[in-house]
Amino acid sequence: MSEHPARTLVTSALPYANGPIHIGHIAGAYLPADLYVRYLRARKRDVVWVCGSDEHGAAITLRARKEGTTPRAIVDRYHEEMQAAFRGLDIAFDHYDRTSSPQHHAFAQEFFLTLLEKGAFTEETRKQFFDPVENQFLADRYVQGTCPKCQHDGAFGDQCEKCGSALSPEELIDPKSTLSGATPEWKDTTLWYLPMDRHEDWLRTYLEQGDLEGHAHHDPKAWKAHVLGQCKSWVDGGLQSRAMTRDLDWGVPVPVEGADGKVLYVWLDAPLGYITATKNWAEKNGTDWEPYWKDKDTQLVHFIGKDNIVFHCIIFPILLKEHGGYLLPHNVPANEFMNLEGDKISTSRNWAVWAKEYIDDFPGRSDEMRYVLASIMPEQKDAEFTWEDFQARVNNELADVLGNFVNRVLVLTGKYFDGKVPAASGLWTETDQALRELMGRTPAAVGESIERYRFRDALQHAMGLVRAGNKYLTEEEPWKVIKSDAQRTADILNLALQVTANAAIVLAPFLPRTSEKLSAALGTSALPWDAAGGDLVPTGQPLGTLPILFDKVTDEQVAAQREKLGPDAAELGLRDVEPEKPGTSFDDFQAMDLRVAEVVAAEKVKGADKLLQLTVRTGYDERTVVSGIAEHFAPEDVVGRRVTLLANLAPRKIRGVVSQGMVLMASTEDGGLRFVTPEEGAEPGDIIR
RNA sequence: GGCGAGGUAGCUCAGCUGGUUAGAGCGCAGGAUUCAUAAUCCUGAGGUCGAGAGUUCAAGUCUCUCUCUCGCUACCA
């Protein structure tokens with residue numbers, strides 16, 4: 001406990017600015033960080049916690065197009081909304097920034113240029129195929145044509161899978177874009193890749209031994225199993241080069257001559273936002289940001305969800321190390337996912353508890369949600385939130401155990417000692433001693449758990465003190481003792497009050513509002529964490545009044561919340577769907593040959609989870625079509641069905657099977673698939689137009 | 001398909017480097033109690049630790065096979 005870093009920089013994953021915040025986000029990356037940081041602040045440690053909105057990327061431009069507005073308008077709206085959601089749950093960042101700010105753009109460009117100068121990227125200026133329809137450059141794999149060696153006509157730009165020859169895309173005869181089918185143009189472009197394979201050796205040492213550049217850096221045993229497991233699996237599997245730029249018009253422009261229409265890959269740009277945010281925090285507070293990112297005595301901790309592990313543990317560290325001068329993460333305590341009422345949380349299906357709606361429905365009751373989420377936090381495996389469980393925890397634990405304990409102590413003191421802290425004799429019984437010892441070791445137990453990112457454990461320890469307090473009162477029965485021994489009654493209540501004051505401190509990270517109310521009533525506000533463990537409330541201290549700390553959650557409230565899950569009634573008439581594609585021509589439509597066909601045989605493609613190999617009868621031939629529907633349909637379910645076939649689609653080899661056409665499917669809102677089946681009477685071979 | 005993490009009492013979950021009768025909270029049953037928000041406290045019932053095999057004096061804890069869940073990844077024309 002004595003050794004600790006000189007300062008700690010904490011980050012939480014930058015939330016993506018195209019949707020509201022729900023409890024899955026909160027429990028994953030924000031509440032744990034908030035608990036950790038509140039604890040460190042209470043210990044008077046030097047800690048800074050930064051976060052911000054991740055505002056770039058293609059999804060935001062798509063959303064803007066759908067809503068008929070600009071990306072700027074979208075990110076501005078969510079930037080405000082997300083901050084309000086965090087405030088509502090008392091998620092208290094030291095600084096919340098955004099990646100679309102001029103400062104961030106400038107910093108990200110500078111960082112990119114430094115990497116470029118240091119040779120961190122492989123830069124390739126070369127001619128590359130460009131799809132004029134999709135208006136973007138095509139990776140080798142997205143070009144297909146006839147193999148110059150074996151005349152196989154499904155060869156990819158990098159390799160012919162028929163004869164195994166390695167190819168360059170320009171060698172292909174009659175190349176086509178696999179995105180649009182258009183004939184690509186041969187144009188100059190520059191791409192910047194991060195060759196991650198160069199970094200495998202030191203990454204392995206860093207991850208497995210916790211050593212960096214020959215020095216002990218962190219304790220790998222302190223990392224969560226699932227985090228290390230996933231990282232090792234990546235490194236052991238061999239790291240690939242990753243393009244660090246994208247062809248988009250919304251993002252941080254690549255700061256290189258002639259790179260118009262290119263932006264930094266969001267995964268490069270977003271984590272740099274942590275640094276920008278730290279800089280802006282420092283400027284706001286008139287201090288220096290550099291020690292937080294560069295001093296050897298600083299500890300860097302990233303709080304994220306499990307979907308972000310590889311980026312924070314592998315790619316970002318590579319970037320930081322290549323740049324030089326920056327610290328690498330000392331721990332990445334990623335949480336797993338929070339499920340909801342038996343199902344995955346889903347934004348599009350409105351299967352979520354939105355932070356903002358919770359606060360609207362339960363105003364002033366942020367502590368309750370914080371408590372429940374901390375109790376069930378998905379620290380080592382996925383967790384499950386249900387409203388029934390929420391009700392039980394709030395009612396049984398917060399109201400009955402904590403709230404009632406506080407109330408008993410205050411009422412008894414009010415009744416017997418006029419609301420003033422009675423003087424203790426100092427003669428403690430064995431029972432008293434046992435409780436005092438528990439009180440003495442609880443702060444360390446809670447703190448140790450928090451420092452190990454075991455927040456549920458920490459909360460258990462803190463609540464354990466309160467439970468012991470209830471037990472103490474029941475066993476010592478001051479309401480009986482008062483009749484015969486006023487001093488003994490004073491001793492009992494004095495100790496019960498000390499327990500209450502201690503509980504206020506150790507519960508403060510979890511229940512900041514409740515803790516503040518309690519401390520205010522006891523006159524122990526502003527006591528630091530390290531004061532806890534002993535007597536805190538001075539004799540004679542008049543106690544303030546406290547309203548009931550926690551209202552019970554009613555069955556009606558539970559029912560109403562469950563009712564809100566699922567598709568919104570208002571949305572049922574007007575669906576939230578992908579925007580319509582830009583206009584096409586009648587000629588383009590005419591170019592497609594759509595036919596009625598019948599499935600005569602079906603089998604799973606071996607080695608593929610999602611692929612079904614179908615044999616379809618078109619009336620004029622029988623052919624093989626590979627379709628990605630195996631997760632929705634068993635082979636026997638599809639045999640005999642009449643389907644809509646795009647018959648003249650260029651053949652393509654998928655998983656070793658040549659697919660001659662495409663079966664049209666409707667994808668439903670819940671992620672399911674339905675065949676587009678012609679009405680009775682249509683026969684295989686009938687033309688659809 | 002490859003890889004990773006999980007599968008422990010009715011529910012939500014702990015069980016660190018293998019070692020006496022497998023734990024907590026909630027729920028349930030019985031009892032005690034009344035200062036308190038019908039709150040509290042005590043006692044108890046409940047588990048072949050996903051299935052099967054193996055290593056060991058000893059396995060929830062190590063190895064192998066299988067199975068289910070979640071994630072990453074490839075293939076979804």
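All values derive from a computational prediction rather than experimental measurement. Below, read A as the first sequence line, B as the second, and so on, with proteins coming before strands; counting in each chain starts at 1.
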Would you say a side-chain N or O of [X] is under 4.0 Å from OP1 or OP2 of [N]?
{"X": "A:Lys381", "N": "B:rC13", "answer": "no"}
{"X": "A:Lys306", "N": "B:rG6", "answer": "no"}
{"X": "A:Gln391", "N": "B:rC26", "answer": "no"}
{"X": "A:Asn396", "N": "B:rG27", "answer": "yes"}
{"X": "A:Arg454", "N": "B:rG15", "answer": "yes"}

Notebook entry, point to check: Starting at the 5' end of RNA chain B, which residue's closest nucleotide do you reach first, A:Val409 or A:Leu611?
Noted result: A:Val409
Check: Between A:Thr474 and A:Ala392, which has a closest nucleotide on RNA chain B that is more 5'?
Finding: A:Ala392
Next item on the list: On the 0 to 90° scale, with breaks at 30° and 60°, tag the A:Phe316-A:His302 ring pair as parallel, tilted or perpendicular.
Entry: tilted
Item checked: More than 12 heavy atoms of other groups within 6.0 Å of A:Arg452 CZ -> no
Which part of the nucleic acid, if any, lies within contact of [X], taking any heavy atom under 4.0 Å across all strands shown: a base, the sugar-phosphate backbone alone, or nothing?
{"X": "A:Phe405", "answer": "nothing"}
{"X": "A:Val626", "answer": "sugar-phosphate"}
{"X": "A:Gln380", "answer": "sugar-phosphate"}
{"X": "A:Ala399", "answer": "base"}
{"X": "A:Ile548", "answer": "base"}
{"X": "A:Lys480", "answer": "sugar-phosphate"}
{"X": "A:Ser627", "answer": "sugar-phosphate"}

With the side chain counted from C-beta on, respond yes when [X] and [Y] share a heavy-atom pair under 4.5 Å apart, and no when they do not.
{"X": "A:Thr615", "Y": "A:Glu622", "value": "yes"}
{"X": "A:Ile315", "Y": "A:Leu194", "value": "yes"}
{"X": "A:Phe675", "Y": "A:Ile629", "value": "yes"}

Check: Distance from A:Glu476 atom CD to A:Leu435 atom CG, nearest 0.5 Å?
Finding: 9.0 Å
Note to self: Can you tell me whether the side chain of A:Asn404 and the base of B:rA36 have a donor-acceptor pair closer than 3.5 Å?
What the structure shows: yes
Could you go through nucleotides 23-25 of chain B and list every protein N or O atom that sits under 3.5 Å from one of its N or O atoms, giving the distance for each pair?
unit_1, atom_1, unit_2, atom_2, d
B:rG25, O3', A:Arg467, NH1, 3.3
B:rG25, O2', A:Glu397, OE2, 3.1

Margin query: Can a donor-acceptor pair be found, under 3.5 Å and without considering hydrogens, that links the side chain of A:Arg456 to the backbone of A:Met377?
Written below: yes
Item checked: Stem segments of RNA chain B by first residue number [Watson-Crick or G-U, under 3.5 Å, at least 3] -> B:1-7 with B:67-73, B:10-13 with B:23-26, B:28-32 with B:40-44, B:50-54 with B:62-66
Notebook entry, point to check: Looking at A:Phe337, is A:Lys306 sitting on its ring face, NZ or CZ under 6.0 Å from the six-membered ring centre and within 45 degrees of the normal?
Noted result: yes
Could you work out which one of [options] sits closest to the side chain of [X]?
{"X": "A:Leu649", "options": "B:rC41, B:rA77, B:rC13", "value": "B:rA77"}
{"X": "A:Phe337", "options": "B:rA77, B:rG71, B:rA5", "value": "B:rG71"}
{"X": "A:Trp234", "options": "B:rU40, B:rU73, B:rA14", "value": "B:rU73"}
{"X": "A:Gln230", "options": "B:rA77, B:rA14, B:rG4", "value": "B:rG4"}
{"X": "A:Lys344", "options": "B:rC70, B:rC35, B:rC72", "value": "B:rC70"}

Note to self: Roughly how many Å apart are B:rU8 and B:rG44, using the P atom of each and rounding to a whole number?
What the structure shows: 25 Å
Next item on the list: Can you run down the side-chain hydrogen bond (donor to acceptor under 3.5 Å, both in side chains) pairs that involve residues 545-558 of chain A, sequence neighbours left out, and say none if there aren't any?
Entry: A:Gln391-A:Asp555, A:Asp400-A:Lys552, A:Thr554-A:Gln557
Next item on the list: Using only heavy-atom distances, determine whether the side chains of A:Glu379 and A:Tyr453 contain a donor-acceptor pair under 3.5 Å.
Entry: no
Item checked: Side-chain H-bond candidate by donor/acceptor type, A:Arg408 with A:Asn470, under 3.5 Å -> yes
